[in-house]
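Here the structure is laid out as structure tokens; the discussion comes afterwards.
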Amino acid sequence: MAYNFPVTRTLNPKEKPDPNDLPFGKYFTDHMFIMEYDKGQGWHDGRVVPYAPIAMDPASVVLHYGQEMFEGLKAYKNVKTGAVQLFRPEMNARRTNRTNDRLCIPPMDEEMYVEAVKAVVRADADWIPEVKDTSLYIRPFIFATEPTLAIHPSESYMFVIILSPSGPYYPNGLQPTKLYVEDTYIRAAMGGTGEAKCGGNYACGLKAQVIAAEKGYEQILWLDGQEQKYVEEVGTSNAFFVIGDEVITAPLRGTILPGITRDSCIRALKAGGYRVSERLLSIDEICRAYDRGEFREMFASGTAAIISPVGELRYKDKVMDVNGGEIGPVAQMLYDKIYGIQTGAVEDEFGWIEPV
Ligand SMILES: *Cc1c(COP(=O)(O)O)cnc(C)c1O
């Protein structure tokens with residue numbers, strides 16, 4: 001191994017939470033990975049240390065101008081061999097560099113990035129829960145630390161990886177959710193940061209999320225920022241629609257986050273002989289398909305929940321029930337396939353598993 005990060009083990013290991021009652025992203029493990037960037041020096045001093053608060057200068061660029069990015073992936077224990085494994089981590093490394101480029105954060109060596117993930121997962125391997133539908137959620141993130149109120153790309157950064165043993169994103173299992181089609185606020189515009197994984201995209205989405213929740217909807221379906229006509233993403237996940245025999249997801253044209261689960265769904269669908277399209281899909285086309293009885297399924301895809309079926313979609317005053325409020329066959333097939341590969345229960349025909 002080219003990278004050998006020093007490990008300082010904690011002297012005060014925490015008590016582990018009950019694996020049968022794990023919320024998403026609430027508990028954190030005993031260790032974290034830290035690495036700094038300084039101009040002229042590059043990324044340096046990667047290390048695994050005890051999980052602890054981070055002291056920072058109040059003038060740090062991230063606190064004022066939001067120069068920050070994050071990633072999300074998961075580690076599992078193989079249900080057959082007990083081996084610790086990751087799902088397509090090289091994709092997170094590649095996406096990190098694309099996000100970094102958009103936000104003027106210096107690039108990272110992608111192999112080193114994956115080794116850093118492995119180093120901290122290895123240190124806390126005994127935190128990986130083994131109950132069905134649980135996993136160790138991995139959150140790498142980078143933020144700008146230069147103390148200045150001047151506006152320019154920061155000259156120093158911190159790269160941190162924290163780990164959270166997490167239960168199913170939706171505690172009731174694959175329960176279909178209710179979605180509200182947002183027609184006032186937008187998430188992303190052409191030329192903006194929609195395809196970058198950064199906190200700012202989430203902060204600007206909170207308002208619509210809160211309003212939808214007040215109306216009794218769990219998530220929102222975003223429309224494009226220009227015409228508010230084409231469907232884009234579900235909250236913070238990618239969106240899939242089954243109309244007739246066609247499975248449709250929005251094309252990557254700058255406003256969509258290129259989800260690794262999205263890519264995995266497309267590849268699994270193609271391998272299964274489904275007709276899959278990455279194309280513009282208007283909300284009107286969905287309403288018309290609904291009226292004809294051809295709007296069969298809708299689901300969201302993302303690392304946290306993998307697949308999240310939608311049971312009801314509301315656009316203005318039109319309430320569409322999707323597949324009788326039940327999970328549909330396409331969503332179920334994808335969940336079983338992807339979760340099965342992640343945990344080693346299903347053969348990894350695509351070469352997606354990376355041993356730790
Ligand atoms: C992270 C994210 C996704 C899902 O990406 P995955 O790689 O599948 O987890 C989708 N949309 C947004 C806005 C995201 O931030």
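No experiment lies behind these values; they were computed from the predicted model shown. Indexing begins at 1, ligand by ligand and atom by atom, following the structure's order.
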Practice item. Return the set of residues passing side chain to side chain donor-acceptor pair (under 3.5 Å) with His152 (not counting sequence neighbours), or none when no residue passes. Key: Glu146
Exercise for review: Tell me, please, which residues at least two apart from Thr177 pass side chain to side chain donor-acceptor pair (under 3.5 Å).
Suggested key: none
Point to revise | More than 12 heavy atoms of other groups within 6.0 Å of Lys207 NZ | key: no
Review point. So with a 6.0 Å cut-off around CD of Glu347, is the heavy-atom count from everything else above 12?
Key: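 12 or below, so no.
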Point to revise | ring pair (Phe, Tyr, Trp, His ring centres under 6.0 Å) pairs, two or more places apart, involving residues 214-269 | key: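 As it turns out, the ring pair (Phe, Tyr, Trp, His ring centres under 6.0 Å) pairs with a partner in residues 214-269, which skip direct neighbours, are Tyr180-Tyr217, Phe240-Phe299.
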Practice item. Using only heavy-atom distances, determine whether the side chains of Thr193 and Asn201 contain a donor-acceptor pair under 3.5 Å. Key: yes
Practice item. Return the protein residues near ligand 1 (heavy atom under 4.0 Å from any of its atoms), ordered by chain and residue number. Key: Arg95, Arg187, Lys197, Tyr202, Glu233, Thr236, Ser237, Asn238, Leu257, Gly259, Ile260, Thr261, Gly302, Thr303
